[in-house]
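Report on one structure; see the data block that follows.
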Amino acid sequence: MLDLRRLRQEPERIRAALQAKGSIASLERVLELDATVRKATFDTDNLRAEKNALTEKLAHGGLAGEGAAGLRQSVKDLNGRLKTAEETLRSEKEELDRLVLWLPNIPHESVPLGGGPEGNVVVRTWGEQPSFAFTPAPHWDLGAAMGILDPRRAARISGSNFPLFSGDGALLVRGLITFMLDLHTTEHGYREHWVPYLVNRDAMTGTGQLPKMEEDMYVSADPELFLIPTGEVPLTNLWREEIIPEERLPVRMVGYTPCFRKEAGAYGKETRGLNRVHQFDKVELVKLVEPHQSYDELESLVADAEEVLQRLELPYRVVSLCTGDLSFSAAKCYDLEVWAAGQQRWLEVSSCSNFEDFQARRMGIRYRPRAGGKPQLVHTLNGSGLALPRIIAALIENGQTAEGMVQLPEPLWPYLRGRRSLGPQGENQGSTTEG
RNA sequence: GGAGAGGUGGCCGAGAGGCUAAAGGCGCUGGUUUGCUAAACCAGUGUAGGGGAAACUCUACCGGGGGUUCGAAUCCCCCCCUCUCCGCCA
């Protein structure tokens with residue numbers, strides 16, 4: 001949520017910034033409503049002050065005093081006027097509150113200008129793209145051949161684009177999750193949380209998924225409970241409406257969650273296999289920090305996510321999203337894209353964003369400065385550390401051998417009961433300790 | 001699911017129609033005292049919004065929403081949450 005005061009003070013800057021993001025939505029109406037709401041607030045406050053003065057007089061002058069009946073009548077008259085004033089105020093306020101939620105965050109000055117994905121800037125690349133003496137296969141062919149991916153059965157029980165990992169595939173998922181959690185908790189200083197996967201409307205609104213993304217979310221039979229599209233939602237909302245002592249900042253959290261997304265309308269070759277699925281697993285990093293540190297913290301958050309890719313020996317590049325490609329709530333965002341040799345494509349596996357105070361204002365997450373004084377809004381950041389399906393796609397495609405095996409990077413071995421590679425397996429085959 | 005008890009400031013906790021932004025305590029900030037540390041004493045210390053150059057002032061807020069009343073943290077109704085006990089269940 002944008003700061004209304006700032007919007008009022010520098011509407012031209014905000015208008016320009018929102019245009020860069022490709023959405024000025026209802027900015028003009030918001031500005032107009034802000035003025036009328038403030039006027040209406042002033043009027044009703046004055047009426048209430050008047051009323052309070054009268055009732056106080058009544059209390060102190062004795063309820064049976066000579067003027068009491070007259071006073072009582074004046075208060076009743078005032079109440080009539082107050083009621084209309086309050087109703088006007090309420091309806092204007094409601095519209096304002098509703099519209100403000102549709103205004104996206106404004107981009108940071110360091111964000112490259114651009115209208116869409118073509119305007120994104122590659123900041124750096126890491127690792128060598130593997131070369132093969134044969135034509136590397138995409139993961140959907142390999143995975144099915146190896147018996148670790150089973151889209152046909154997944155479709156039968158859920159529908160298209162739901163993942164089903166079997167045998168060593170399931171072991172790989174579980175191992176990756178633990179590997180990532182261990183790295184972030186023991187080496188990067190994040191505290192792990194195991195969180196609810198269904199959250200209420202307030203939580204979804206707090207991180208900015210609502211109202212804009214409602215049609216992309218799964219709703220439970222209880223219309224107020226949504227399946228989370230990312231662990232960012234429960235993790236960040238852990239702190240909603242709290243005032244955190246400055247000494248406790250930065251708060252660093254990590255959590256594993258499944259993520260659920262309708263991804264309506266997304267079909268085609270770009271969405272084959274594990275490229276885009278309705279349910280996936282993700283280890284999420286979230287930070288709450290002091291405002292002046294948030295951009296440094298963004299860089300270190302990206303580094304923490306990159307570390308996972310480096311240990312997995314997966315070539316990747318870091319992309320700074322341009323103004324037109326930034327998500328609704330982000331002020332700045334880096335995507336990490338991993339190279340998938342079988343598809344000859346870069347696949348997004350992480351989005352690391354600084355939301356500045358946009359989410360914190362919605363959630364009421366503040367900190368109390370050590371030096372005393374008013375509570376201030378924190379800045380919130382998050383990033384995937386990392387999303388699993390495309391990592392698995394890249395591991396399979398980049399690690400494939402001419403024999404139809406998949407070699408795994410060393411840091412993963414202990415998480416896979418010592419296995420160093422994955423190979424074809426039968427329906428009832430368990431995993432052995434030898435690769 | 002049933003019964004009971006609760007939800008008040010950063011935290012704990014009193015208050016049971018007007019004298020309450022709300023006692024008291026803790027914490028925090030400043031001061032006095034003090035070989036150091038600690039302690040003691042004194043003072044200050046809620047959030048949000050409006051008006052004002054400022055001093056200051058007005059309004060709202062005691063889980064959420066309605067209602068009664070000239071007036072509600074306090075009375076009534078609905079909902080949410082927490083705790084205890086019982087039931088049910090992976």
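- Relative orientation of the A/H188 and A/H184 rings is tilted, given thresholds of 30° and 60° on the angle between their planes.
- For the C1' atom pair drawn from B/rC76 and B/rG87, the interatomic distance equals 31 Å after rounding to whole Å.
- For A/N200 and B/rC81, the CG to P distance is 10 Å, given to the nearest whole Å.
- Regarding contacts with the backbone of B/rG18, every side-chain N or O of A/N52 stays at 4.0 angstrom or more from both OP1 and OP2.
- Look at B/rA40: its Watson-Crick or wobble partner, with both distances under 3.5 angstrom, is B/rU32.
- Partners of A/L4 by side-chain contact (heavy atoms from CB on, under 4.5 Å), not counting sequence neighbours, listed by chain and number: A/L7, A/R8, A/V30, A/D34, A/L96, A/V100.
- Closest contact between the side chain of A/A49 and the listed nucleotides B/rC70, B/rC58, B/rG50 involves B/rC58.
- Rounded to a whole angstrom, the distance from the P atom of B/rU74 to that of B/rG7 is 12 Å.
- Figure legend. B/rC85 is base-paired to B/rG2; pairs are counted as Watson-Crick or G-U wobble with both atom distances under 3.5 Å.
- The gap from the C1' atom of B/rA48 to that of B/rG9 amounts to 14 Å, rounded to the nearest Å.
- Between A/R90 and A/E94, none of the side-chain N atoms (NZ, or NE/NH1/NH2) sits under 4.0 Å from a carboxylate O, so this pair counts as no salt bridge.
- Each of A/R38 and A/E50 has a nearest nucleotide on RNA chain B; the 5'-most of these lies closest to A/R38.
- Pairing for B/rA22 is absent, judged as Watson-Crick or G-U wobble with the two contacts each under 3.5 Å.
- When atom types are taken as modelled, the side chain of A/S158 and the backbone of A/A155 share no donor-acceptor pair closer than 3.5 angstrom.
- B/rC78 sits 23 Å from B/rC83 when the P atoms are compared, rounded to a whole Å.
- Using the Watson-Crick or G-U wobble rule with both distances under 3.5 Å, B/rA54 pairs with nothing in any strand shown.
- Distance, A/D45 CG to B/rU57 P: 16 Å, rounded to whole Å.
- B/rU68 makes up no base pair with any nucleotide shown, lacking Watson-Crick or G-U wobble contacts both under 3.5 Å.
- B/rU59 atom C1' lies 9 Å from atom CG of A/N46, rounded to whole Å.
- Summary of the strand contacts: A/K374 and A/N79 both lie near RNA chain B, and taking for each the nucleotide with the nearest heavy atom, the more 5' one is attributed to A/K374.
- The separation of B/rG65 from B/rA14, taken at their C1' atoms, amounts to 27 Å, rounded to a whole angstrom.
- Ring to ring, A/F260 and A/H278 are not that close: their centroids are 6.0 angstrom or more apart.
- Between the P atoms of B/rG2 and B/rC79, the separation comes to 11 Å (whole Å).
- For the C1' atoms, the distance linking B/rG18 with B/rG31 amounts to 38 Å, nearest Å.
- Base pairing annotation: B/rA14 forms no Watson-Crick or G-U wobble pair, as no partner gives both donor-acceptor distances under 3.5 Å.
- For B/rC70, neither phosphate oxygen OP1 nor OP2 lies less than 4.0 angstrom from any side-chain nitrogen or oxygen of A/R48.
- Checked for salt-bridge contact, A/R81 and A/D77 miss the test: no charged N lies under 4.0 Å from a carboxylate O.
- Following rounding to the nearest Å, A/M1 (CE) and B/rA48 (C1') show an atom-to-atom distance of 12 Å.
- Side-chain nitrogen and oxygen atoms of A/R5 include at least one within less than 4.0 Å of the OP1 or OP2 phosphate oxygen of B/rG49.
- Between the CG atom of A/L82 and the P atom of B/rU69 there is a distance of 16 Å, rounded to whole Å.
- Summarising the base pairing, B/rA48 is matched to B/rU59 through a Watson-Crick or G-U wobble pair whose two defining distances lie under 3.5 Å.
- For B/rU33 and B/rA22, the P atoms lie 32 Å apart once the distance is rounded to whole Å.
- In terms of phosphate contacts, A/R361 brings no side-chain nitrogen or oxygen within less than 4.0 Å of OP1 or OP2 of B/rA48.
- Pair assignment for B/rA73: none, as no Watson-Crick or G-U wobble contacts are both less than 3.5 Å.
- In this structure, A/E214 pairs ionically with A/R201, as a charged nitrogen and a carboxylate oxygen lie closer than 4.0 Å.
- The interatomic distance linking A/L54 (CG) with B/rC70 (C1') rounds to 9 Å, in whole Å.
- For the pair A/D202 CG and B/rC81 P, the computed distance is 13 Å after rounding to whole Å.
- Taking atom NZ of A/K39 as the reference point, atom P of B/rU59 lies 18 Å away to the nearest angstrom.
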